[in-house]
Enquirer: 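To start, I am sharing the structure in question, which I have written as structure tokens.
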Amino acid sequence: MKCEVEWMDRSMHMYKRVDILGVPFLQKKLRDTVELITRLILENQKIQVVTANPEIVMMGRRNPSYMELLKKADIITPDGIGVVLASRWIGEPMPERVAGYDLLHALMKEANAHGWKYMLVGASPASADGAAAKLQELYPNACYAGHYNGYFTKEEENKIIEHIKKEKPQLLFVGLGAPRQEEWVARHLPKLEVNVAMGVGGSFDVLSGTVKRAPEIWQKLNIEWLYRLLSQPKRWRRQLLLPQFALQVLWNQVIKREK
Ligand code: UDP
């Protein structure tokens, strides 16, 4: 299906955000987040969406340029129960976790309903092919405009950018892992005519079936992080950031109360 769209410059919108260790999170449920993004797409806005878990917040605290990028992102959703719990501890509760994988599917449902165009960049060649095939199968009325794996040379990257420029998709999903995907989007989005560019971590691996997402019961019990740790033990080093995140949030609260 061929879809043409017109474009408008990026503009600022006001919505309530919660500051967690310097990272401004949107205080909305998944459904309301999708409604907001859909409206922005229909208004032809250009936005960077970040789905941030405690690891991403801690990466920002260790890397000032990444933190600056996070602060400039248009929408940051709480992609981890740790972030939701932290918002409760500081008395500004976020209603629920908004995981990147769920947001990707919710936006693809909208793309299917509106006939929007989408492109994918990231993951291994097998995962990228599998994810593209799966999305076309699940959302046949959305306009598939191409996909690229995430192991490209500088030369190939230029070709990817040219293709995105030509296609002007409403949705660009980038699965290069954090922080690279956010940095990649921030670097290229200004010159692209894309409405929503969003980092999706390992979502293409899950879509293609290369990696299994935690069973629903683990997700409902808010222990998806534990499932990931058990199924991908090499992540343990990254997950050490979780207790550090919790301690930092609690410590900041103690300091605030003492003042
Ligand atoms: N990846 C990639 N190019 C790279 C490094 C990683 O496309 O140079 C992909 C990798 O294949 C995987 C994703 O990025 O699909 C990272 O997944 P992960 O679950 O680690 O995401 P994160 O937890 O960092 O968001």
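Whatever order the structure lists them in is the order used to number ligands and atoms, beginning at 1. All of these numbers come straight from a predicted model, not from anything done at the bench.
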Enquirer: Quick test of your reading of the model: are Lys72 and Glu68 salt-bridged, counting only N-O distances below 4.0 Å?
Expert: yes
Enquirer: So which protein residues pack against ligand 1 under 4.0 Å, heavy atoms counted?
Expert: Gly122, Ala123, Ser124, Gly150, Tyr151, Gly175, Leu176, Gly177, Ala178, Arg180, Gly201, Gly202, Asp205, Arg228, Arg235, Arg238
Enquirer: What do you reckon, is CZ of Arg187 surrounded by more than 12 foreign heavy atoms closer than 6.0 Å?
Expert: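 Enclosed: over 12 neighbouring heavy atoms sit under 6.0 Å from CZ of Arg187.
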Enquirer: Counting heavy atoms not belonging to Lys165, are there more than 12 under 6.0 Å from its NZ?
Expert: yes
Enquirer: Hey, are Asn252 and Gln248 close enough side-chain-wise for a donor-acceptor pair under 3.5 Å?
Expert: yes
Enquirer: Please verify the inter-ring angle class for His114 with Trp116; under 30° counts as parallel, over 60° as perpendicular, anything in between as tilted.
Expert: parallel
Enquirer: I'd like to check the ring pair (Phe, Tyr, Trp, His ring centres under 6.0 Å) partners of Tyr148; sequence neighbours left out, ordered by chain and number.
Expert: His163
